[in-house]
Amino acid sequence: MPELPEVETLCRQLQKTVAGKKVLASEIFDSKLAHMENIRGRTISAVRRRGKTVELILSNRHSVFIHLRMTGRLLWLKEGDKPKHSRWHMSLTEGNVYLVDPRRFATVKLLPTGDSAAGNDIMHDFDQHAFIAGHGRRKVKVKNLIMDQKAITGIGNIYACEILHRAGIHPERVAAALTKKEWEKIFKSAKIILTKAIEKRGTSISDWRDLYGCQGENQFELRAYGRVGEQCGNCGGTIVRIKQGGRSTFYCPVCQK
DNA sequence: AGAACCGCCTGCTTGC
DNA sequence: TGCAAGCAGGCGGTTC
């Protein structure tokens with residue numbers, strides 16, 4: 001599922017491939033997206049990431065905000081047939097961008113540029129002190145908190161597990177019980193894990209593919225997520241899996257305190 | 001108010 | 001083999 005590294009990968013590729021190009025046609029294939037305006041005739045001036053959202057900045061002070069949710073993908077095709085599960089499509093001067101999404105959770109919106117709140121992005125403008133002041137006394141479990149997009153943007157289930165594993169923090173700890181040092185460890189781990197995942201162009205555990213349909217390589221870097229029953233690379237303990245709020249959490253009960 | 005839970009969706013895996 | 005149930009989970013909305 002696309003989290004920060006996957007969306008960052010897409011945005012960088014889109015910036016190279018579609019920025020400066022004119023939209024010749026746009027087309028909706030799914031009635032759930034019927035509200036989406038036709039952006040024919042607009043030019044994409046730039047592409048940037050907002051948390052897990054792709055923002056295509058148009059030349060008319062509006063942006064297309066694409067959120068891929070679980071199974072959404074953006075695919076660049078020079079020619080050929082519409083891929084299966086296509087839900088929306090843009091035709092550009094040298095090719096096409098398809099929004100492909102089997103489970104139909106993805107959203108596409110046209111809003112004035114700058115309307116979507118920025119901030120709290122661990123890779124850009126994250127304010128540790130503000131985070132601790134604002135959330136450090138909450139009673140939520142730390143894993144749920146770092147996946148809360150209002151607190152920090154970009155972290156989903158896979159990277160939350162990896163970050164806490166690297167930081168040596170038990171996912172069921174309550175936020176209020178963490179020390180400042182432990183928070184700093186989490187933020188530092190988050191930067192390392194996410195930077196690496198961007199370098200590896202994302203985690204292709206199930207259906208993640210980049211703009212050109214290629215798999216990422218970060219699945220080979222995972223040390224906790226999906227590794228139940230395997231040995232922990234830090235301490236030799238055994239990775240276990242629990243449920244937190246309906247989601248699977250993977251961690252090492254020996255070295256995550 | 002803050003935390004937990006539900007529903008949206010469909011393809012794939014598991015079990016009988 | 002075939003069918004049904006279970007599972008995956010981000011996020012907005014609802015409930016506790």
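The sequence lines fix the lettering, A, B, ..., with proteins before strands; numbering per chain opens at 1.
Here B:dA3 is the nucleotide among B:dA3, C:dG10, B:dT10 with the atom lying nearest to any side-chain atom of A:Val140. Candidate nucleotides B:dG11, C:dG10, B:dA4 were compared by shortest atom distance to the side chain of A:Pro102, and B:dG11 ranks first. The side chain of A:Lys52 lies closest to C:dG10 when the candidates are B:dG11, C:dG10, B:dC9. Of the candidates B:dC9, B:dA3, C:dC11, the closest approach to any side-chain atom of A:Lys139 belongs to B:dA3.
C:dC11 atom C1' lies 17 Å from atom CZ of A:Phe65, rounded to whole Å. When the C1' atom of B:dC9 is taken as reference, atom CG of A:Leu33 falls 13 Å away, rounded to whole Å. One atom, NZ of A:Lys150, and another, C1' of B:dA4, lie 13 Å apart when rounded to the nearest Å. Separating the NE2 atom of A:His135 from the P atom of B:dA1 is a distance of 16 Å, rounded to the nearest angstrom. Across the protein-nucleic acid pair, A:Phe250 atom CZ and C:dC7 atom P stand 13 Å apart, rounded to whole Å. Going from atom CG of A:Asp101 over to atom P of C:dC11 covers 13 Å, rounded to whole Å. When rounded to the nearest whole Å, the span between CG of A:Asp148 and P of B:dA3 equals 10 Å. Straight-line distance from the CD1 atom of A:Ile66 to the P atom of C:dC11: 15 Å, rounded to whole Å.
Counting any heavy atom pair closer than 4.0 Å across all strands shown, A:Tyr225 reaches sugar-phosphate atoms only and no base atom. Using a 4.0 Å heavy-atom cutoff across all strands shown, A:Thr71 reaches no nucleic acid atom at all. Contacts of A:Met1 with the nucleic acid, taken as non-hydrogen atoms under 4.0 Å apart, involve only primed sugar atoms and P, OP1 or OP2. No contact: A:Glu3 has no heavy atom under 4.0 Å from any strand. No contact: A:Lys141 has no heavy atom under 4.0 Å from any strand.
Between A:Arg138 and A:Arg247, the residue whose closest nucleotide on DNA chain B is further toward the 5' end is A:Arg138.
The base of B:dC9 is paired with the side chain of A:Arg103 by a donor and an acceptor separated by under 3.5 Å.
A salt bridge is defined here as a Lys NZ or Arg NE, NH1 or NH2 lying under 4.0 Å from an Asp or Glu carboxylate O, and A:Lys143 with A:Glu172 fails to meet this definition. Using a 4.0 Å cut-off between charged nitrogen and carboxylate oxygen, A:Arg138 and A:Asp148 count as a salt-bridge pair. Under a 4.0 Å N-O distance rule, the pair A:Arg73/A:Asp207 does not qualify as a salt bridge.
For C:dC11, the OP1/OP2 oxygens have no side-chain nitrogen or oxygen of A:Arg69 closer than 4.0 Å. Dashed line: the shortest gap from a side-chain N or O of A:His67 to OP1 or OP2 of C:dG10 is not under 4.0 Å. Of the side-chain N and O atoms in A:His85, one or more sit less than 4.0 angstrom from OP1 or OP2 of B:dG11. Put simply, A:Gln149 has no side-chain N or O that comes within less than 4.0 Å of OP1 or OP2 on C:dG10.
Counting heavy atoms of neighbouring residues, nucleotides and ligands inside a 6.0 Å radius, atom CZ of A:Arg42 does not exceed 12 of them.
For the pair A:Gln219 (side chain) and A:Ser204 (backbone), a donor-acceptor distance under 3.5 Å is present.
The distance between the ring centers of A:Phe131 and A:Trp183 falls below 6.0 angstrom.
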